[in-house]
Amino acid sequence: MDVVLVGRDLDAENLPDPPGSDLVRRGAMNTELIVASLSGVVALVSVAYSSRANRKNALLEDALERQTVERHRVLERQDVMSRYRDPLLWAAFDFQSRLYAIAGQGFLRVHFVHQRDQLYATRSTLHVLSEYLGWVEILRRRVYFLDLGNRDANRRIVTLLARIGSILNDDAYEDQHFQLFRSDQRAIGELVIKEGEDGDGCIGYAEFCARLESDPGFAAWFTRLSDSVSGLAAQEGRHPRLVKLQVALMDLIDFLDPDQERFPQKRRFRLKDS
């Protein structure tokens with residue numbers, strides 16, 4: 001006999017939930033919440049770690065940048081010392097050598113015997129003086145102070161340069177030979193500076209002599225110094241200003257070349273400053 005079902009047809013959607021299905025659903029939801037929470041925690045930790053790593057990277061980059069800047073400063077300082085210290089060192093050495101020869105070895109008396117030698121002695125003496133003043137002026141213009149890496153060194157070289165300038169400027173000596181006021185020192189330094197693509201320098205001896213002959217305005221600045229050379233040639237005895245100048249220049253040389261890389265000790269002579 002056929003059985004006839006009365007009421008709604010039973011299909012899969014209308015079947016009642018099996019026992020325990022609510023627990024399963026709640027468990028699944030709890031699992032999803034746990035997973036979501038863990039994901040959130042991991043994300044927060046990741047953000048915190050990334051932030052910390054970024055800060056460390058930023059600090060590292062900042063430190064590297066400071067190191068790079070400092071290296072550049074060191075290289076620039078070395079370049080400055082190479083470009084300006086060495087020429088000043090050579091100019092100071094040439095100047096003091098001539099002073100030593102004049103005051104300690106009778107250089108002018110020997111060379112003033114013949115006219116040609118007299119002209120050389122005068123012009124070459126004026127040139128070594130003016131070249132020294134030229135490099136001092138270049139330093140004043142370009143780097144103000146010769147940066148040797150620390151304040152004490154900078155202060156020391158400024159003191160040495162000022163001392164040499166003061167000896168030249170001083171009018172208290174018995175004779176006025178090689179007396180040169182500070183403004184005149186700077187003016188002569190300016191006159192012998194020669195600008196170039198690689199930076200400033202000083203004119204050489206040949207150009208210096210040519211300008212003495214062809215440029216009356218240039219030569220006028222050296223008239224008094226030229227007379228001083230002639231006066232020193234005729235004067236016997238000690239020359240206190242020249243002695244103090246030579247000693248002061250040697251102090252400058254010792255400071256600029258402490259390891260005697262340019263000028264060994266055997267080439268460093270000092271006049272007795274009594």
Side-chain angles (χ1 to χ4, degrees), residues 83-103 108 121-146 154-195 199-205 207-209 211-212 215-232 239-256 271 273:
R83 290 175 58 192
Y84 296 106
R85 182 188 64 179
D86 288 355
L88 174 63
L89 177 62
W90 280 96
F93 189 84
D94 288 344
F95 186 22
Q96 71 79 28
S97 294
R98 179 53 54 88
L99 293 174
Y100 185 90
I102 293 173
L108 292 179
T122 301
R123 288 183 172 181
S124 60
T125 300
L126 298 181
H127 179 252
V128 294
L129 167 61
S130 62
E131 185 178 39
Y132 167 79
L133 295 176
W135 279 108
V136 172
E137 181 63 24
I138 289 172
L139 292 177
R140 184 181 284 111
R141 288 182 178 185
R142 301 304 180 193
V143 292
Y144 300 101
F145 303 120
L146 185 59
N154 292 341
R155 190 179 299 112
R156 176 61 176 161
I157 193 172
V158 171
T159 300
L160 291 169
L161 293 174
R163 180 186 170 199
I164 296 168
S166 295
I167 296 172
L168 284 169
N169 176 76
D170 194 351
D171 59 358
Y173 289 93
E174 185 176 348
D175 64 63
Q176 299 301 305
H177 299 319
F178 268 70
Q179 194 270 332
L180 198 59
F181 291 120
R182 295 187 189 278
S183 294
D184 290 343
Q185 293 176 37
R186 292 200 62 180
I188 289 176
E190 292 169 359
L191 286 171
V192 298
I193 292 175
K194 184 176 184 179
E195 297 182 355
D200 291 341
C202 292
I203 61 176
Y205 180 61
E207 184 174 352
F208 179 81
C209 293
R211 291 189 65 182
L212 283 177
D215 187 345
F218 180 85
W221 284 97
F222 297 92
T223 300
R224 189 160 174 262
L225 288 171
S226 180
D227 292 340
S228 290
V229 175
S230 298
L232 286 169
H239 308 292
R241 187 195 307 275
L242 272 61
V243 172
K244 288 187 179 296
L245 268 176
Q246 195 271 342
V247 171
L249 286 162
M250 284 306 304
D251 289 340
L252 175 63
I253 290 167
D254 288 343
F255 180 75
L256 293 176
L271 293 169
D273 185 11

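In this chain, numbering begins with 1 at the start of the sequence shown.
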Visitor: Check this for me, if you would: do D251 and R163 make a salt bridge, where the nitrogen-to-carboxylate-oxygen distance has to be below 4.0 angstrom?
Guide: yes

Visitor: Does a side-chain heavy-atom distance below 4.5 Å link F178 with L232?
Guide: yes

Visitor: Inspect the contact between E207 and R211 and indicate whether a charged nitrogen and a carboxylate oxygen are less than 4.0 angstrom apart.
Guide: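 No, no charged N to carboxylate O under 4.0 Å.
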
Visitor: Considering all heavy atoms of both residues, which atom of D184 and which atom of W221 are nearest to each other, and what is their separation?
Guide: OD1-CZ3, 3.5 Å

Visitor: CZ of R85 to CH2 of W90: how many Å apart, nearest 0.5 Å?
Guide: 13.0 Å

Visitor: Taking all non-hydrogen atoms of both residues into account, name the closest pair between S226 and L126 and its distance.
Guide: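 So the two residues come closest at N-CD2, 3.9 Å.
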
Visitor: Are side-chain N/O atoms of S166 and R182 paired as donor and acceptor at under 3.5 Å?
Guide: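 The criterion, which ignores hydrogens and geometry beyond distance, is satisfied for R182 and S166.
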
Visitor: When rounded to the nearest 0.5 angstrom, what is the spacing between CG in L180 and CZ in R224?
Guide: 7.5 Å

Visitor: Flag the pair C202 / I138 as yes when at least one side-chain heavy-atom distance between them is below 4.5 Å, and no otherwise.
Guide: yes

Visitor: Mind listing the closest non-hydrogen atom pair of L252 and L161 along with its distance?
Guide: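 Smallest interatomic distance, heavy atoms only, reads CD2-CD2, 4.0 Å.
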
Visitor: Between Y100 and M250, is any pair of side-chain heavy atoms under 4.5 Å apart?
Guide: no

Visitor: Rounded at 0.5 Å granularity, tell me how far CD1 in I102 sits from CG in L108.
Guide: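 If we round to the nearest 0.5 Å, I102:CD1 and L108:CG are 4.0 Å apart.
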
Visitor: Side chain to side chain donor-acceptor pair (under 3.5 Å) with Q246: which of Q96, R98, H239?
Guide: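 Per the side chain to side chain donor-acceptor pair (under 3.5 Å) rule, the option paired with Q246 is Q96, out of Q96, R98, H239.
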
Visitor: For a side-chain contact (heavy atoms from CB on, under 4.5 Å) check, start with the C-alpha distance between I193 and R141, then their side-chain angles and the critical distance, and finish with the verdict.
Guide: CA-CA 11 Å; I193 292 175; R141 288 182 178 185; 3.8 Å; yes

Visitor: Do the non-hydrogen side-chain atoms of F222 and F208 ever get within less than 4.5 Å of each other?
Guide: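 In short, these two side chains touch, coming nearer than 4.5 Å.
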
Visitor: Can you name the closest pair of heavy atoms from L242 and L271 and give their distance?
Guide: O-CD1, 4.4 Å

Visitor: Quick check for you: to the nearest 0.5 Å, what is the distance between E131 atom CD and I188 atom CD1?
Guide: 13.5 Å

Visitor: State the CG-CG distance between L256 and L249, to the nearest 0.5 angstrom.
Guide: 10.5 Å

Visitor: Evaluate the side-chain proximity of L133 to V192: yes if any heavy-atom separation is below 4.5 Å, no if none is.
Guide: no

Visitor: To the nearest 0.5 Å, how far apart are CG in L89 and CZ in F255?
Guide: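 The CG atom of L89 sits 12.0 Å away from the CZ atom of F255.
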
Visitor: D171 and Q176: which non-hydrogen atoms are nearest, and at how many Å?
Guide: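 Residues D171 and Q176, closest heavy atoms: O-NE2, 3.5 Å.
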
Visitor: Would you sort out whether L191 and S130 count as a side-chain contact (heavy atoms from CB on, under 4.5 Å), showing the intermediate values?
Guide: CA-CA 9 Å; L191 286 171; S130 62; over 6 Å; no

Visitor: Salt bridge or not for R241 and E174, using N-O below 4.0 Å?
Guide: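 Answer for the salt bridge query: no.
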
Visitor: Report yes if the side chains of Q179 and Y173 come closer than 4.5 Å at any heavy-atom pair, otherwise no.
Guide: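 Not touching, per the 4.5 Å side-chain cut-off.
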
Visitor: What closest approach, in Å, do F95 and V128 show between heavy atoms, and which atom pair accounts for it?
Guide: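 Smallest heavy-atom distance, with atoms named: CB-O, 4.0 Å.
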
Visitor: Is there side-chain contact between Y132 and I164, with at least one heavy-atom pair below 4.5 Å?
Guide: yes

